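Let me begin by presenting the structure, written as C-alpha cells, before commenting on it.
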Amino acid sequence: MNRRSFVKSGIAAVAAASAGMQLVLTPGARAAGKVVIQYDWLMSNGQIGDIVAVANGYFKDAGLEVEFSPGGPNAATVPPVVSGAAQLGQFSETPQLYAARASGVPVKIIACGFRTGPYAFTSKPAKPIRGVADLKGKKIGIQPTARFVIDEILAKNGIDPSEVTIVNVGFDKAPLVRGDVDAIGGWITNTQALSVVGDDRIDLLVRDLGLSSYADVYFATDKAIEENAETLAKFIGAVAKGWGWVHANPQEAVKKMVAAYPEMDLGWEEKTINLVLKLSFDGATAKDGWGTFDPASIEEQLALLDKVGQYPNGRPAAADVYTTKILELSAADRPKLDAPAA
C-alpha cells in the first residue's frame, strides 16, 4: 500500500498530457530492440519469476533483450509507460490501475503476478483479529494511502464505521508492538519486517475479510497492446516460465534472486518463498495458467471501490481496465500449476 501514494501523483500529471504522448516504443528503444519494464517498487520476492527468467535465459530464448527499471518512493510508474520509455509496467495492486484509468490514462491489465493480494492485518494473541466479527471495537493502524481498504471491508461486511477506530500509521510495526493499535496493515511477504511482532502473530489477509484484489499486475497502454501484442506476449511468456521454474525449484530460485539482488536476505527469503508461491498460484492458475485473472472479480472490485467513493468523476468500465489478448497469445508458455502443497 505504501506503493500507491507516489503512483497517484504521477497519474494525475499523465492523465492531463496522455492524449498527446507517444504511447508505444520510443525510436531509441525500438532500434535497440530492448524491452523495458517499469516496476512500481523495488525488486523483491514478488518479482522472483521475472528475475529467474533473466537468470535462466528465458527472455533471450524469446528473442528479447529486457531491462528492469525498479520503482521506489521517489519513482513514478505510469509516465515511463505512457511516454514509451518503458513498454510495460507493473502496479503493486489493481486499484492503482483502476485509478489511472478513471483519470483518463489509457492503460490495461495484461497479466497478474499475484492472484491473491498480500495485504493483511497483523494482530497479537491478546487481541486477535481472525475474522470479520473481530474487527468491531478494535483499533486498526493503517497507512493513509490504504484507508480505502478498510472502508471497503466495512462496506462489504455491513459494519458501521463507528464500531472501528482507525489510526494513521507508517510502515514499521512499532505501533502494534507498543500496543498503540490492536492490528496493523501491511504486506505479509515482508516477513523480516513482521518478525518484530513475534512468532505468535496472527496475519489475516484482506481476502479473508471479503476483499478481492490482484497484486503485482502487469499493464501496458491500449496502443502498445494493439501494436506490440506479440512482444508483450513473449515477455509475459518468459516471465511465466520463470515462475514455473520457481514453483519446481523454490530454494534454488531464492539463491538466484539473492545473487542478483544481494540486498535481499537469503535466510528470510528462503522462509518466505512458499508463501510467495501460494499468492501466485491457485486453482485458477492450475486451470488457465500463471498470470490469469477473472473479469468477474475485476467488476466486483470496481463496484466496491465505487461504493466507497473512489471515483468521484465516474468509475471506469471493467472492459476498459483489462484485456485477455496477451494471456491468449502466451497461453502455450504459461505453466498450469496449483499452489504448492507444503
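No experiment lies behind these values; they were computed from the predicted model shown.
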Side chains of Phe121 and Ile153 in contact at under 4.5 Å (non-hydrogen atoms): yes
Validation row: Trp290, Arg115 side chains within 4.5 angstrom (heavy atoms): no
CG-CD distance between Leu211 and Glu152, expressed to the nearest 0.5 angstrom: 4.5 Å
Interatomic spacing from CG in Asp306 to CD in Gln310 - rounded to 0.5 Å: 9.5 Å
Pairs meeting criterion salt bridge (Lys or Arg N to Asp or Glu O under 4.0 Å) with involvement of residues 313-336, two or more places apart: Lys241-Asp333, Glu299-Arg315
Ile236 to Ala111 - nearest heavy-atom pair and separation: CD1-CB, 4.0 Å
Spacing of CG belonging to Asp40 relative to OG1 belonging to Thr77, to within rounding of 0.5 Å: 3.5 Å
In one Ile/Leu/Val/Met/Phe/Trp/Tyr side-chain cluster, 4.5 Å: Met264, Leu266: yes
Asn249 side chain vs Trp245 backbone, donor-acceptor pair below 3.5 Å: yes
Polar side-chain atom of Gln301 near backbone of Pro95 as donor-acceptor pair, under 3.5 Å: no
Phe293 versus Pro295, closest heavy-atom pair with distance: O-CD, 3.5 Å
Trace of the side chain to side chain contact (heavy atoms under 4.5 Å, CB included) decision for Leu154 with Val164: CA-CA 9 Å; Leu154 298 180; Val164 178; 3.9 Å; yes
Residues Asp151, Arg147: salt bridge by 4.0 Å N-O rule: yes
Distance-only donor-acceptor check, side chains Ser280 and Trp243, under 3.5 Å: no
Spacing of CG belonging to Asp288 relative to CG belonging to Leu327, to within rounding of 0.5 Å: 9.0 Å
Chi angles and distances behind the side chain to side chain contact (heavy atoms under 4.5 Å, CB included) call for Gln87, Asn228: CA-CA 9 Å; Gln87 286 71 63; Asn228 297 296; over 6 Å; no
Spatial distance of atom NE2 (His247) from atom CG (Leu277) [nearest 0.5 Å]: 6.0 Å
Min side-chain heavy-atom separation Met257-Gln47 under 4.5 Å: no
Side chain to side chain, Lys34 and Val66, heavy atoms closer than 4.5 Å: no
Contacts of type side-chain contact (heavy atoms from CB on, under 4.5 Å), residue Asp172, not counting sequence neighbours: Ala174, Pro175
Ala215 versus Trp187, closest heavy-atom pair with distance: CB-CH2, 4.3 Å
Cluster link Val276 to Phe68, ILVMFWY, side chain under 4.5 Å: yes
Under-4.0 Å salt bridge between Asp182 and Lys139: no
Test item: Phe171 and Gln143 side chains (from C-beta on) under 4.5 Å apart, heavy atoms: yes
Close side-chain approach of Phe59 and Val54, heavy atoms under 4.5 Å: yes
No-hydrogen, no-angle side-chain donor-acceptor test under 3.5 Å, Asn45 and Thr272: no
NZ/Lys156: more than 12 non-hydrogen atoms of other groups inside 6.0 Å: no
Single-linkage hydrophobic cluster, 4.5 Å side-chain cutoff, Val321 and Leu304 together: yes
Note, Ile110 side chain near Thr324 side chain (heavy atom, < 4.5 Å): no
Student check: side-chain heavy atoms of Val181 and Ile140 closer than 4.5 Å: no
Derivation of the side chain to side chain contact (heavy atoms under 4.5 Å, CB included) call for Ile142 and Ile166: CA-CA 7 Å; Ile142 197 164; Ile166 307 300; 3.7 Å; yes
Side chains of Tyr39 and Asp216, donor plus acceptor under 3.5 Å: no
Check against side chain to side chain donor-acceptor pair (under 3.5 Å), Gln38 and Ser69: CA-CA 5 Å; Gln38 177 62 54; Ser69 179; 2.8 Å; yes
Exercise: identify the closest heavy-atom pair between Phe281 and Gly244: CZ-N, 4.4 Å
Ile184-Ile129 co-clustered via ILVMFWY side chain contacts under 4.5 Å: no
Contact summary for Gly141 and Val169, nearest pair of heavy atoms: C-CG2, 3.5 Å
Side chain to side chain contact (heavy atoms under 4.5 Å, CB included) evaluation trace for Lys108 with Val217: CA-CA 10 Å; Lys108 287 187 174 78; Val217 292; over 6 Å; no
Same cluster (ILVMFWY, side-chain, under 4.5 Å), Leu209 and Val308: no
Glu67 CD: over 12 foreign heavy atoms closer than 6.0 Å: yes
Side chain Asn157, main chain Ile159, donor-acceptor under 3.5 Å: no
Polar side chain donor-acceptor pair, Gln192 to Asp265, under 3.5 angstrom: no
Salt bridge (Lys or Arg N to Asp or Glu O under 4.0 Å) contacts touching residues 251-261 (sequence neighbours left out): Lys255-Glu270
Plane angle bin for Phe91 and Phe219 - parallel if under 30°, tilted between 30 and 60°, otherwise perpendicular: parallel
Residues forming a ring pair (Phe, Tyr, Trp, His ring centres under 6.0 Å) with Phe114, sequence neighbours excluded: none
Check: Ser103 side chain, Ala99 main-chain N or O, donor-acceptor pair, under 3.5 Å: yes
Check against salt bridge (Lys or Arg N to Asp or Glu O under 4.0 Å), Lys278 and Asp338: CA-CA 8 Å; Lys278 288 183 176 180; Asp338 208 332; over 6 Å; no
Residues Asp200, Lys124; criterion salt bridge (Lys or Arg N to Asp or Glu O under 4.0 Å); working and verdict: CA-CA 7 Å; Asp200 59 349; Lys124 301 179 72 171; over 6 Å; no
side-chain hydrogen bond (donor to acceptor under 3.5 Å, both in side chains) partners of Thr285, counting only residues at least two apart: none
Spacing of Leu232 atom CG and Ile37 atom CD1 [to the nearest 0.5 Å]: 10.0 Å
Check: Phe235 main-chain N/O paired with Tyr218 side-chain donor or acceptor under 3.5 Å: no
Ala238 to Ala53 - nearest heavy-atom pair and separation: O-CB, 3.5 Å
Ring pair (Phe, Tyr, Trp, His ring centres under 6.0 Å) involving Tyr58 - partner list, sequence neighbours excluded: none
Pairing of Arg201 and Asp203 as salt bridge, 4.0 angstrom limit: yes
